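A quick write-up on the structure given underneath.
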Amino acid sequence: MTKQVALSSVKPGDYVRLSSSETAPVWIRGAYDQSTNRYSLESWDDIGRSTQRKGSVLVWVGFTF
């Protein structure tokens, strides 16, 4: 069951998508960075790709890929 939640409520290591599309990239929720007040997201299929997002960003969880 896919649902939309705030990034801050996702556990580290869980898979998320930034959009509801079935073809959207899958990200792994990383650590919280206190210096920037953001959470890191690491790409599931590209180890060198990462981004940082605020905890209030809505992400999709509970999908199967």
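Position 1 is the first residue of the sequence; numbering continues from there. Just so it is clear, the structure is predicted and the values come from calculations on it, not from any experiment. Side chains are part of it too, since the values below use all heavy atoms of this structure and drop only hydrogens, waters and symmetry mates.
A distance of 5.5 Å separates CZ in R38 from NZ in K54, rounded to the nearest 0.5 Å. One finds the CZ atom of F63 at 7.5 Å from the OG1 atom of T2 (value rounded to the nearest 0.5 Å). L58 CG to S9 OG: the interatomic distance, rounded to the nearest 0.5 Å, is 9.0 Å. Taking CD1 of I28 as the reference point, atom OG of S40 lies at 10.0 Å (rounded to 0.5 Å).
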Tell me, with the steps shown, if R17 and E22 meet side-chain contact (heavy atoms from CB on, under 4.5 Å). CA-CA 9 Å; R17 282 192 171 136; E22 291 292 323; 4.1 Å; yes
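Put simply, the side chain of W60 does not reach to within 4.5 Å of the side chain of K3, judged on heavy atoms.
Scored by the side chain to side chain contact (heavy atoms under 4.5 Å, CB included) test, P12 finds R29 as partners (sequence neighbours excluded). For D14, the side-chain hydrogen bond (donor to acceptor under 3.5 Å, both in side chains) criterion is met by no residue, not counting sequence neighbours.
Checked by atom type, the side-chain pair T23/S21 shows a donor-acceptor distance below 3.5 Å.
Grouping Ile, Leu, Val, Met, Phe, Trp and Tyr residues whose side-chain heavy atoms lie under 4.5 Å apart, directly or via other members, places L7 in a hydrophobic cluster with V5, V10, V16, L18, W27, Y32, Y39, L41, V57, V59, V61.
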